[in-house]
Amino acid sequence: MAVTRTFSIIKPDATRRNLTGAVTKMLEEAGLRVVASKRIRMSREQAEGFYAVHKERPFFADLVAFMISGPVVVQVLEGEDAVKRNRDIMGATNPANADDGTIRKELAESIEANSVHGSDSEENAAIEIAYFFKPDEIVG
Ligand code: GDP
Ligand code: MG
């Protein structure tokens with residue numbers, strides 16, 4: 001399996017509870033390497049653009065409000081089959097349905113405040129990485 005990259009966000013519920021390190025430790029223990037990382041506060045426009053695919057969903061306005069409610073940490077993760085590996089360690093969207101040992105089961109608060117984002121395909125990973133990082137900000 002090839003070494004690839006994916007995009008991750010440590011969401012405001014996790015930064016608020018000072019869990020940046022705890023999340024990152026779980027990502028690293030799953031075999032992922034943080035090759036870019038920055039703490040930002042997303043603008044409304046940035047959050048709406050990032051989640052544009054969900055704009056017709058009933059939870060869109062709440063999701064955008066949540067994502068701009070506090071700092072986030074955007075990261076590029078590298079590893080073997082990085083997209084799937086990250087989705088596996090994240091766990092299901094709703095922490096109530098997530099497997100034991102996953103980030104969302106162990107750390108998340110709710111279906112919305114679920115601590116992490118992770119790209120769902122290689123194609124979206126490339127788009128999402130480019131949305132937040134310039135090539136020279138990623139050091140593999
Ligand atoms: P993910 O890929 O597992 O993050 O899930 P989705 O792409 O389906 O949804 C994006 C994000 O929207 C999730 O991570 C949640 O933060 C939020 N979300 C998803 N479903 C719901 C929902 O039913 N209600 C609310 N309030 N938020 C949701
Ligand atoms: Mg998704």
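Indexing begins at 1, ligand by ligand and atom by atom, following the structure's order.
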A.B. asks: When you look at NZ of Lys105, are more than 12 heavy atoms from neighbouring residues, nucleotides or ligands closer to it than 6.0 Å?
C.D. replies: yes
A.B. asks: Please list the nearest protein heavy atom to atom 5 (O) of ligand 1 with its residue and the distance rounded to 0.1 Å.
C.D. replies: Thr93 OG1, 3.3 Å
A.B. asks: Is a donor on one side and an acceptor on the other found under 3.5 Å between the side chain of Arg5 and the backbone of Ala126?
C.D. replies: no
A.B. asks: Mark yes or no for whether Arg17, through its side chain, and Leu107, through its backbone, hold a donor-acceptor pair below 3.5 Å.
C.D. replies: yes
A.B. asks: Pick whichever of Met90, Arg87, Arg104 has a heavy atom sitting closest to atom 2 (O) of ligand 1.
C.D. replies: Arg87
A.B. asks: Measure up the Phe7 and Phe132 rings against each other and bin them: parallel (under 30°), tilted (30 to 60°), perpendicular (over 60°).
C.D. replies: parallel
A.B. asks: Could you find the nearest protein heavy atom to atom 19 (C) of ligand 1 and give me its residue, atom name and distance?
C.D. replies: Phe59 CZ, 3.6 Å
A.B. asks: For ligand 1, which atoms, with element, lie under 4.0 Å from some heavy atom of Asn114?
C.D. replies: 13 (C), 14 (O), 15 (C), 16 (O)
A.B. asks: If the plane angle is over 60° it's perpendicular, under 30° parallel, otherwise tilted; pick one for Tyr131 and Phe50.
C.D. replies: tilted
A.B. asks: For atom 15 (C) of ligand 1, which protein heavy atom lies nearest, and how many Å away is it?
C.D. replies: Ile111 O, 3.2 Å
A.B. asks: Which residue from Lys11, Glu112, Met67, His54 reaches closest to atom 14 (O) of ligand 1 through any of its heavy atoms?
C.D. replies: Lys11
A.B. asks: Does even one non-hydrogen atom of Leu63 get within less than 4.0 Å of ligand 1?
C.D. replies: yes
A.B. asks: Could you pull out the closest heavy-atom pair between Ala82 and Thr6, with the gap in Å?
C.D. replies: O-CG2, 3.7 Å
